Undergrad: 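Sharing a structure, written as structure tokens. Questions coming.
What you are looking at is a predicted structure, and each value in this text was computed from that prediction instead of being measured.
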Amino acid sequence: MWKCTAAPNTKVVFKAKVKIEVVVNDAIAAAVVEAVRTAANSGSIGDGKIFVMNVEEAVRIRTNERGEAAV
């Protein structure tokens, strides 16, 4: 159960959250990170985080394409 630790009579406001997942080639990864960071930055708490990680394998279910062809 979630417990509010705010001071009494403090209004707690929850913001809507959006999760975006993007898979791109390594060659453009830095540019995509910068584009998302710039677009998402409002300067307020809750702007979010960007996680960059390797994708071991990609498979397009419909065609069984694999690797970069699947992306």
Side-chain angles (χ1 to χ4, degrees):
M1 177 180 273
W2 184 80
K3 181 181 176 185
C4 179
T5 57
N9 301 319
T10 299
K11 183 176 181 181
V12 178
V13 178
F14 292 100
K15 292 185 175 184
K17 303 289 182 177
V18 175
K19 182 177 181 179
I20 301 171
E21 295 186 23
V22 180
V23 177
V24 299
N25 186 297
D26 287 343
I28 65 168
V32 171
V33 167
E34 184 59 22
V36 171
R37 192 197 63 75
T38 300
N41 186 1
S42 70
S44 299
I45 293 175
D47 279 352
K49 295 170 181 67
I50 298 173
F51 300 97
V52 178
M53 57 191 91
N54 292 324
V55 174
E56 294 296 321
E57 181 71 67
V59 179
R60 186 184 309 264
I61 294 171
R62 181 176 51 84
T63 63
N64 199 34
E65 291 172 289
R66 295 177 179 264
E68 286 188 30
V71 178

Undergrad: Are the side chains of Ile20 and Val36 in touch, meaning some heavy atoms are under 4.5 Å apart?
TA: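 Of all side-chain heavy-atom pairs linking Val36 with Ile20, none is under 4.5 Å.
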
Undergrad: Okay, side chain of Glu68, backbone of Asn25: is any donor-acceptor separation there less than 3.5 Å?
TA: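 Flag not set: sc Glu68 to bb Asn25 has no pair under 3.5 Å.
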
Undergrad: Given side chains that start at C-beta, do those of Val55 and Met53 come closer than 4.5 Å, heavy atoms only?
TA: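 Side-chain contact under 4.5 Å: no.
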
Undergrad: Backbone N or O of Ser42 within a donor-acceptor pair of the Asp47 side chain at under 3.5 Å?
TA: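 Such a contact is found between Asp47 side chain and Ser42 backbone.
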
Undergrad: For the residue pair Val33 and Val52, establish whether any side-chain heavy-atom pair is separated by less than 4.5 Å.
TA: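 SC-SC contact between Val33 and Val52 confirmed.
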
Undergrad: Give the minimum heavy-atom separation between Val71 and Ala58, together with the two atoms involved.
TA: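 Minimum heavy-atom separation between Val71 and Ala58: CG2-CB, 4.0 Å.
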
Undergrad: To the nearest 0.5 Å, what is the distance between CD1 on Ile28 and CD on Glu34?
TA: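 One gets 14.0 Å once the value is rounded to the nearest 0.5 Å.
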
Undergrad: Is it possible for you to say whether Val59 and Val23 belong to one hydrophobic cluster, with membership spreading through side-chain heavy-atom contacts below 4.5 Å?
TA: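 No: no chain of side-chain contacts under 4.5 Å links Val59 to Val23.
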
Undergrad: Which pair of heavy atoms, one from Ala70 and one from Glu65, lies closest together, and at what distance?
TA: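 Between these two residues, the closest heavy atoms are CB-O, 3.3 Å.
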
Undergrad: When rounded to the nearest 0.5 angstrom, what distance separates CZ in Arg66 from OG1 in Thr63?
TA: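 Going from CZ on Arg66 over to OG1 on Thr63, the span is 10.0 Å.
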
